[in-house]
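Accompanying notes for the structure given below.
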Amino acid sequence: MHYDLIIFDNDGVLVDSEPISNRHLAAYLTELGHPTSYEDSIRDYMGSAMHRIHDLVLERTGRRLPDDFDDVFHARVFAAFERELKPVPGAGGVLEKLTADGVPFCVASSGSHERIRVGHRATGLDRWFDERRVFSSQDVGRGKPAPDLFLYAAERMGVAPERCLVVEDSPLGVQAAVAAGMDVYGFTAMTPAEKLAKANQLFSTMGELADLLV
């Protein structure tokens, strides 16, 4: 192992939440008069902190989203998580391998702490992550693509950035990892490989990631 810390993105990397959340985001934005397809949502918002959704809508339309937008959206998504959410196939095996090998890992997500916890409880991944291993864009001033979240996670885990590997599935996340001075592996299950071209390595299944982490 060439790294002292593995930093996982959450949505789309550990939990298979991107189809659920982007389906609901597209529907809610459309309901509010901002026509958005599922494909639009994946392209524009996948990997984003909530503030970026607000910023892009305001920039494009000159209209602000409702004050309760975040609360309504999260209520819809969390209810869907409880019904539908599954772990990304093989994610548990990777975490088990890292634990057996004594390699520290954590999660650093654009999602809120509540979103992370709801997803981990629904999928059983909470067994791998106590509070000391969970970091959210809520913890820093700027979400991805700024490097702040990854740098904060590394600092809290006591590891220099250059000794960290980030596992990401969004262009924003890859950009943030590169800006943080960290290596990054890009997960292409949902994202075209060319959009993650700045990653050090690309992989399409968690089995491939396990082999890369040998």
Side-chain angles (χ1 to χ4, degrees), residues 1-19 21 42 46-48 85-111 116 119-120 123-130 132-137 143-214:
M1 175 64 62
H2 304 297
Y3 303 100
D4 297 331
L5 176 66
I6 312 299
I7 303 176
F8 289 94
D9 176 46
N10 190 56
D11 295 293
V13 171
L14 295 177
V15 296
D16 194 17
S17 53
E18 294 292 7
S21 59
I42 291 287
M46 182 172 159
S48 297
L85 190 63
K86 298 287 189 283
V88 168
V94 171
L95 299 175
E96 187 171 357
K97 178 182 186 302
L98 291 174
T99 300
D101 292 344
V103 180
F105 58 86
C106 65
V107 62
S109 172
S110 293
I116 298 166
H120 285 186
T123 57
L125 293 181
D126 53 339
R127 62 178 291 212
W128 303 107
F129 295 98
D130 60 32
R132 295 168 296 177
R133 294 190 187 194
V134 176
F135 305 100
S136 160
S137 60
K144 306 168 189 177
D148 305 36
L149 176 57
F150 290 142
L151 292 172
Y152 176 75
E155 180 183 8
R156 290 294 300 271
M157 296 293 290
V159 178
E162 63 271 17
R163 300 296 304 160
C164 297
L165 170 69
V166 174
V167 181
E168 264 287 356
D169 71 330
S170 75
L172 293 175
V174 169
Q175 185 178 340
V178 171
M182 301 176 180
D183 282 357
V184 56
Y185 289 177
F187 186 29
T188 61
M190 280 194 62
T191 307
E194 60 269 20
K195 292 186 178 295
L196 304 177
K198 293 183 179 179
N200 299 84
Q201 296 272 2
L202 298 176
F203 66 98
S204 60
T205 69
M206 283 294 156
E208 290 178 46
L209 176 61
D211 291 339
L212 290 171
L213 294 177
V214 171

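In this chain, residues are counted from 1 in sequence order. Values reported hereafter were calculated over all heavy atoms of this structure, with side chains retained and with hydrogens, waters and symmetry mates removed.
- By the 4.5 Å heavy-atom criterion applied to side chains, Val88 and Val13 are not counted as neighbours.
- Interatomic distance, Leu212 CG to Asn200 CG, rounded to the nearest 0.5 Å: 11.0 Å.
- Of the possible donor and acceptor atoms, one in the side chain of Ser136 sits under 3.5 Å from a partner among the backbone N and O of Gly111.
- Interatomic distance, Ile42 CD1 to Ser170 OG, rounded to the nearest 0.5 Å: 10.5 Å.
- Looking only at side-chain heavy atoms (C-beta outward), Met46 and Asp169 come within less than 4.5 Å of each other.
- Applying the side chain to side chain donor-acceptor pair (under 3.5 Å) criterion to Ser110, with sequence neighbours excluded, gives no partner residue.
- Listed by first and then second residue, the side-chain hydrogen bond (donor to acceptor under 3.5 Å, both in side chains) pairs involving residues 185-196 amount to none (not counting sequence neighbours).
- Across all their heavy atoms, Ala153 and Ala108 have their closest contact at CB-CB, 4.4 Å.
- Taking all atoms of both residues into account, the shortest heavy-atom contact from Ala180 to Pro161 is O-CB, 3.5 Å.
- Here the straight-line distance linking atom CD1 of Ile7 with atom CG of Asp183 works out to 11.0 Å at 0.5 Å rounding.
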### Task
Evaluate side-chain contact (heavy atoms from CB on, under 4.5 Å) for Val15 paired with His120, printing each intermediate quantity in order.
CA-CA 8 Å; Val15 296; His120 285 186; 4.2 Å; yes

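- Legend: residues meeting side-chain contact (heavy atoms from CB on, under 4.5 Å) with Pro89, ordered by chain and number and at least two apart, are absent.
- Residue pairs meeting the salt bridge (Lys or Arg N to Asp or Glu O under 4.0 Å) criterion with at least one member in residues 8-19, sequence neighbours excluded: Asp9-Lys144, Asp11-Arg115.
- The nearest pair of heavy atoms linking Lys86 to Thr123 is C-CG2, 3.4 Å.
- The OG atom of Ser137 lies 12.0 Å from the OH atom of Tyr152; values are rounded to the nearest 0.5 Å.
- Taking the side-chain contact (heavy atoms from CB on, under 4.5 Å) definition, one finds that Arg127 meets it with nothing, sequence neighbours left out.
- Contacts classified as ring pair (Phe, Tyr, Trp, His ring centres under 6.0 Å) and involving residues 156-182 (residues at least two apart or in different chains) are not found.
- With sequence neighbours excluded, the residues satisfying salt bridge (Lys or Arg N to Asp or Glu O under 4.0 Å) with Asp130 are Arg132.
- Counting heavy atoms from C-beta on, the side chains of Val107 and Trp128 never come closer than 4.5 Å.
- For Thr205, the side-chain contact (heavy atoms from CB on, under 4.5 Å) criterion is met by Glu208, not counting sequence neighbours.
- For the ring-ring contact (aromatic ring centres under 6.0 Å, His included) test, residues two or more places apart in sequence or in another chain that qualify with Phe105 are Phe129.
- For the ring-ring contact (aromatic ring centres under 6.0 Å, His included) test, no residue two or more places apart in sequence or in another chain qualifies with Phe8.
- Residues Ser17 and Gly12 share a closest heavy-atom pair of OG-N, 3.8 Å.
- Nearest heavy atoms, Leu202 versus Ala193: CD1-CB, 3.7 Å.
- Among residue pairs with one or both ends in residues 148-160, those qualifying as salt bridge (Lys or Arg N to Asp or Glu O under 4.0 Å) are Arg142-Asp148; sequence neighbours excluded.
- In plain terms, the two heavy atoms of Tyr3 and Val103 that are nearest each other are O-CG1, 4.4 Å.
- When Val94, Asp211, Leu14 are each tested for a side chain to side chain contact (heavy atoms under 4.5 Å, CB included) with Met206, only one passes: Val94.
- The side-chain contact (heavy atoms from CB on, under 4.5 Å) test applied to Ala154 returns Cys164, Met182, not counting sequence neighbours.
- When side chains are defined from C-beta on, Leu165 counts as touching Leu213, because their heavy atoms get closer than 4.5 Å.
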